[in-house]
Amino acid sequence: MKMILNDGRELFMSDYSLKLLKYYIPSVSLEHQTSIVDGRDGSIFSNTRFSGRTITVKFMYKAFDYHDFKLFVADINALFARKEYFYIIFEAEPGKRWKVRLAESYSPNELLRKVGELEIKFICENLYAESVATTNDLKEWDIDKWQWGMGIDWDDDLFYAFSSDNFTVKNYGNVAIDPRQHELEIILIGSFSNSVTITNRTTGETYQFNGSLNGNTDTLLIKDIRTFKNGTSVFKQTNKKFLSLAVGENSFQITGGTVYSIVFNFRFLYM
């Protein structure tokens, strides 16, 4: 197992005298909103949402003597006890990462100073695993960014750059991409005299930018729910709507001018 800090540094558990024994990733928790009506058996469900998820990891540790054990404890306290989030990646699934924080305190057994087991719990900040690679990364299976079990076949072409006004964007994860919660960048270059309208015909969502674009000098960036033209926020010139990506194929249409290029950059999400 390894950790990736939010500054990009990678920390390997083996460098801290920790050997992964096993890990357990439960399903997401469910919260149901219900009501009871007189004269009717059971409950009426009005809403259901996903809530917390905690990953449990068990390590084996080794120390040479009492002093080495104390140094080991100090090292792992500095390793895991962080106020900010970090990512964890398991060797069995090198193509997926989990955005987590330490869930609760822990304490190695003082009676087992030389060899013992240590259980650490991580609470997921993002309920879903996300692909280590983004759609801008090349599909190369030997670089620890892709893996089997991600919904991608070797023969699948991962194209996320288009130069037409009708195209299909594939979301190979098993979770929809919601830009209010998840990373999604759309970069558009083209010639549009008055406005740009982008429609995801699969979800029924329509985004509109009310302004012109010069295909030689302008770039429109839709980043999550924000919009920038040449680096300057132009959110007020939009219809205040967003574009999400359903699981599977998403059919898009762009109207209002000529598309030179449009690029989608995001990570796949997995239950």
For V57 and M1, work out which heavy atoms get closest and say how close.
CG1-SD, 4.1 Å
Under 4.5 Å between any side-chain heavy atoms of I262 and F167, yes or no?
yes
Side-chain donor-acceptor distances from residues 158-165 under 3.5 Å, at least two apart:
from	atom 1	to	atom 2	distance (Å)
Y160	OH	K170	O	2.5
S164	OG	N166	O	2.9

Which residues pass the side chain to side chain donor-acceptor pair (under 3.5 Å) test with N77, not counting sequence neighbours?
Y106
Cation-aromatic face contact R226/F235, 6.0 Å, 45 degrees:
no
Holding to side chain to side chain donor-acceptor pair (under 3.5 Å), I want the full list of residues that pass it with D224, two or more places apart in sequence or in another chain.
none
For S212, what residues pass the side chain to side chain contact (heavy atoms under 4.5 Å, CB included) criterion, not counting sequence neighbours?
K229
How does the hydrophobic cluster around Y260 look, that is, which other residues are in it when side-chain heavy atoms under 4.5 Å mark a link?
I189
Close side-chain approach of N210 and T238, heavy atoms under 4.5 Å
no
Distance under 6.0 Å and angle within 45° of the ring axis: does K241 meet both against Y207?
no
Would F122 and F80 count as a close aromatic pair, with their ring centres under 6.0 Å?
yes
Does atom NZ of K240 have more than 12 heavy-atom neighbours, drawn from other residues, nucleotides or ligands, at distances under 6.0 Å?
yes
Not counting sequence neighbours, which residues clear salt bridge (charged side-chain N to carboxylate O under 4.0 Å, His left out) with D178? List them please.
R180
According to side chain to side chain contact (heavy atoms under 4.5 Å, CB included), who are the partners of D7, at least two apart in sequence or on a separate chain?
L5, R9
Counterpart residues, side chain to side chain contact (heavy atoms under 4.5 Å, CB included), relative to L21 (two or more places apart):
K58, M60, E117
Out of T203, T202, N200, which residue meets the side-chain hydrogen bond (donor to acceptor under 3.5 Å, both in side chains) rule with N250?
N200
Within the supplied structure, the quantity of interest is the number of heavy atoms (other residues, nucleotides, ligands) at a distance under 6.0 Å from N194 CG; does it exceed 12?
no
Of all residues at least two apart in sequence or in a different chain, which pass the side chain to side chain donor-acceptor pair (under 3.5 Å) check with Y128?
none
Contact between L118 and I120 at the side-chain level, heavy atoms closer than 4.5 Å - yes or no?
yes
Less than 4.5 Å apart, side chain to side chain, heavy atoms only: is that true for T227 and L220?
yes
Do T134 and N265 meet the criterion of a side-chain donor-acceptor pair at a distance under 3.5 Å?
yes
For K121, does the NZ atom sit with more than 12 other heavy atoms under 6.0 Å from it, leaving out its own atoms?
no
Check: L20 and F90 side chains under 4.5 Å, non-hydrogen atoms:
yes
With side chains defined as the heavy atoms from C-beta onward, is the minimum distance between Q208 and V196 less than 4.5 Å?
no
Run through the side-chain heavy atoms of Ile, Leu, Val, Met, Phe, Trp and Tyr, join any pair under 4.5 Å, and report what else lands in I225's cluster.
F242
Check the side chains of S244 and E205 for a donor-acceptor pair under 3.5 angstrom, ignoring hydrogens and angles.
yes
Set of residues satisfying side chain to side chain contact (heavy atoms under 4.5 Å, CB included) with respect to E91, sequence neighbours excluded:
none
Sequence neighbours excluded, which residues qualify as ring-ring contact (aromatic ring centres under 6.0 Å, His included) partners of Y172?
F268
